[in-house]
Amino acid sequence: VDEHGLKIQRTAQNKNIPPQDHCDNISGIYKTLWDKWDISNDRFIRTSSRRHISLVEAFFKRVSDSGDIKMGRQQGWYCVGCEEYKDVDKDVEHPKCSIHQQNLEWRDEENLFFCLSNYQTKIEKLVNKEDFILPITRKNEIVNFVSGGLKDFSISRVDVDWGIPVPGYPDHTFYVWFDALLGYLSALLDDGGDVSIDRLNLVGWPASTHVIGKDILRFHAVYWPAMLMSAGLELPKNVFGHGFLTREGKKMGKTLGNVLDPQLLIDRYGLDAVRWYLIRDIEFGKDGDYQRQRFVDIVNNDLANTIGNLVNRSSTMARKWFQNKVPTPQSSYDNNLKNGISSLIDEYKQSFYRLDFKNASEVILLLANKSNTYINDREPWKMIKNPENLPSVANDLYTILEITRIISILLKPILPDLSNRISDQLGITSKHTQWKLDLLWGKLEAGSYLPTPTPVMNKIDINEEL
C-alpha cells in the first residue's frame, strides 16, 4: 500500500486523526480483506515503513548522480484524487477530473523534476516492443502518448507534510508517485537483509510481469522504466494493465448507489462462487461486467452441476460397487479420455503464463464435462449388471476419480477451498501440492477409502439485490 500524498493528508485531517493512524486503519482493512478472499502474499509492504524510506533516499541519490534531477516550476490543474496534473482546455473555467468528478485545483509552485525527456528515444523503443505492454490492446494509447514527446515531470511537493522528505531540499517531500513506484523494490528488499539497491538482482529483480490497473499504465510503462534506467537497474519484462469492473452495464459509483460491496458479496454467496465468476467470466486484461443472473447461472452450472455432480456421482458408484474404495484398474486398461489429459494440463499451465485465467478455468470445466459425458456414454450402472464387466467398470471409475483428483489440483490456485473439499471427498488427507508430481497420472491410490459423499458445492439463489 502506498500511503503518502495530499489525498491521505486531507482525509486524515477531515477525520481529526494523524495520517499515520489513518494509514494504520486502512492497511488493517486490506490485510483482513485479503485473508477473507483467500489471496496470499509473500510480504505486505507499506511505504510509510523505515526500510522503504531508506530505499527511496538511496534511489534518489542514484538518479540525482545520473544528472536527471533539476529544479523547476510547475503550473497547472491538479487532481488530488489522482495525485496528478491534468491536461485541461484553456477555455474551461472550472475543470473537473473525469474520474473523480471533483474540481481540479490550480497549482503554481517550485518542484524538483525528473528529466524524462532525456529518455525519449529509449522509451519509444521500449513501448514499441511486441511484448512489453500487455494486453496488446493497451499498447497504442501509450505509444501515442510517447510519440507526442516526453516532458519532464515533478517528483516533489512543497505543500504536503505527509510525505518522505527529499534529502538536501528543505520543505520538499517526494511526490507520491515517485515514492510509491519504488515500493516494488523495497518489497523485494524486505527480507531481513540490508536495504541495498545492489542486492536487488539477488532477491527477484527484475520482475517478470507488473500487473496494474489500466488507468495507471502510463506511470508504469513510461515513467517507471525511465526512472529505472536512470538508476542503472534492469526493467520489468512486461507491464500488464487489467480492466475495470462495471455492474449491469453501468460504471459503479457512490453517486449512482450501485457499488458492489465485495465483503457483502462473499458473505452472502461464498468465496468460491465469487472468485469463480470473476475468473471464469471475465477475460483478465479486459473490462468486465457483473451481471446478477449470469453470476447465478455460471456458478450453479459450472460448480454445482458440472464439477459437483461429477465428484458426487463417481464417488457414489465407486463406494456402492467396490466396498467404499477406489477401484483397482486392470493392468491392461487404457482409454482415450485418459490419454488426452496431458495436453489439457499443458494448456492450463500455458494459460497461467499468459495470465489467461479465463481459459485456465475453461480447461478445468472441459475436463469435468468430458468426464461426465464419458460416464453417460459408458453407462456403468448398466454394465455392472453383468459380472464380466466388473474390470471395465473398475477401469472407467478409476479414470473418472483420477481426473476428479487432477481437477482438484488445477482448482487449487483459483478456488483453494473447493479444491480441498474435493480432495476430502476422495479421501486424500495431504493438501500440500507438488505440481510436477501431483499432476502425473495414477497418483490416486487404488483401494483407498472413499468417505460418504456430501455436496462439494451448493447451488446459490439470489432472492434479494445486493
Side-chain angles (χ1 to χ4, degrees), residues 2 4-5 47 52 55-74 76 82-87 111-134 138-157 163-164 166-167 169 172-189 197-198 200-201 205-241:
D2 58 285
H4 294 120
T47 58
H52 175 74
L55 183 279
V56 172
E57 293 170 347
F59 189 93
F60 174 71
K61 184 178 186 307
R62 280 202 176 201
V63 173
S64 182
D65 290 346
S66 295
D68 289 325
I69 301 297
K70 69 178 183 180
M71 186 67 77
R73 194 153 200 92
Q74 179 87 332
C82 294
E83 297 280 13
E84 180 184 10
Y85 282 90
K86 299 291 185 178
D87 292 328
N111 295 156
L112 288 168
F113 280 73
F114 174 80
C115 299
L116 182 63
S117 57
N118 291 348
Y119 295 88
Q120 178 72 40
T121 303
K122 290 182 177 180
I123 295 298
E124 275 188 350
K125 183 178 180 181
L126 177 68
V127 299
N128 277 288
K129 287 176 61 177
E130 182 179 351
D131 58 352
F132 180 67
I133 297 174
L134 298 174
R138 307 261 183 246
K139 181 177 177 179
N140 283 343
E141 171 197 345
I142 302 301
V143 169
N144 291 337
F145 172 77
V146 175
S147 65
L150 295 178
K151 299 177 183 179
D152 301 341
F153 68 94
S154 63
I155 64 165
S156 74
R157 297 288 183 267
I164 300 174
V166 181
Y169 295 88
H172 284 257
T173 54
F174 283 109
Y175 170 44
V176 62
W177 269 107
F178 184 86
D179 149 31
L181 288 166
L182 298 177
Y184 302 124
L185 306 183
S186 61
L188 292 171
L189 293 172
I197 293 177
D198 293 330
L200 281 168
N201 66 329
W205 191 259
S208 298
T209 299
H210 261 170
V211 180
I212 48 96
K214 67 176 185 178
D215 56 326
I216 53 175
L217 186 57
R218 188 200 314 167
F219 287 98
H220 288 77
V222 180
Y223 298 176
W224 178 226
M227 289 163 55
L228 290 167
M229 291 175 186
S230 178
L233 295 174
E234 294 184 71
L235 308 184
K237 293 182 176 62
N238 57 60
V239 178
F240 189 100

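Atom CD1 of Ile69 is separated from atom CG of Leu112 by 6.5 Å, given to the nearest 0.5 angstrom. Note that the OG atom of Ser156 and the CZ atom of Phe174 stand 8.0 Å from one another [nearest 0.5 Å]. Distance CG/Leu217 to CD1/Ile142: 4.0 Å, rounded to 0.5 Å. For the atom pair NZ (Lys129) and CG (Leu235), the distance works out to 7.5 Å, reported to the nearest 0.5 Å. Here CG of Asn128 is found 5.5 Å from NZ of Lys139. Values are rounded to the nearest 0.5 Å.
Taking the side chain to side chain contact (heavy atoms under 4.5 Å, CB included) definition, one finds that Lys125 meets it with nothing, sequence neighbours left out. Checked against side chain to side chain contact (heavy atoms under 4.5 Å, CB included), Ala231 has the following partners two or more places apart in sequence or in another chain: Phe59, Arg62, Val63, Leu233. A search for side chain to side chain contact (heavy atoms under 4.5 Å, CB included) contacts involving Thr47 returns Asp2, Glu3, His4, His52, Asp179, not counting sequence neighbours. Under the rule for a salt bridge (Lys or Arg N to Asp or Glu O under 4.0 Å), the partners of Lys61 that lie at least two apart in sequence or sit in another chain are Asp65.
At distances below 3.5 Å, not a single donor-acceptor pair connects side-chain atoms of Lys237 with backbone N or O atoms of Asp131.
Taking all atoms of both residues into account, the shortest heavy-atom contact from Phe113 to Asn111 is CD1-O, 3.4 Å. Contact between Thr173 and Val166 at its shortest, heavy atoms only, is C-CG2, 3.7 Å. Scanning all heavy atoms of the two residues, the minimum distance from Ser230 to Ser66 falls at O-OG, 2.6 Å. Minimum interatomic distance between Val127 and Val146 (heavy atoms only, all atoms of both residues): CG2-CG2, 4.2 Å. Across all non-hydrogen atoms, the minimal contact from Pro236 to Leu228 is CD-CD1, 3.7 Å. Across Gly67 and Asn118, no two heavy atoms sit closer than the pair O-ND2, 4.4 Å.
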Give the C-alpha distance, both sets of side-chain angles, the deciding distance and a yes or no for side chain to side chain contact (heavy atoms under 4.5 Å, CB included) between His220 and Leu181. CA-CA 8 Å; His220 288 77; Leu181 288 166; 3.6 Å; yes
Could you give me the CA-CA distance, side-chain angles and deciding distance for Phe60 and Ile155, then say whether side chain to side chain contact (heavy atoms under 4.5 Å, CB included) is met? CA-CA 10 Å; Phe60 174 71; Ile155 64 165; 3.9 Å; yes
Side chain to side chain contact (heavy atoms under 4.5 Å, CB included) between Leu185 and Ile197, worked out: CA-CA 8 Å; Leu185 306 183; Ile197 293 177; 5.9 Å; no
Would you check, one step at a time, whether the test side chain to side chain contact (heavy atoms under 4.5 Å, CB included) holds for Ile123 with Met229? CA-CA 10 Å; Ile123 295 298; Met229 291 175 186; 3.9 Å; yes
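Listed by first and then second residue, the side chain to side chain donor-acceptor pair (under 3.5 Å) pairs involving residues 140-155 are Lys70-Asp152, Ser117-Asp152, Ser154-Arg157 (not counting sequence neighbours). Identified under the salt bridge (Lys or Arg N to Asp or Glu O under 4.0 Å) test for residues 206-235, with sequence neighbours left out: Glu84-Arg218, Lys214-Asp287.
Aromatic ring centroids of Phe114 and Phe178 lie 6.0 Å or more apart.
By the 30° and 60° cut-offs, the orientation of the rings of Phe219 relative to Trp177 is parallel.
For Asp68 and Tyr119, the side-chain atoms include at least one donor-acceptor pair closer than 3.5 Å.
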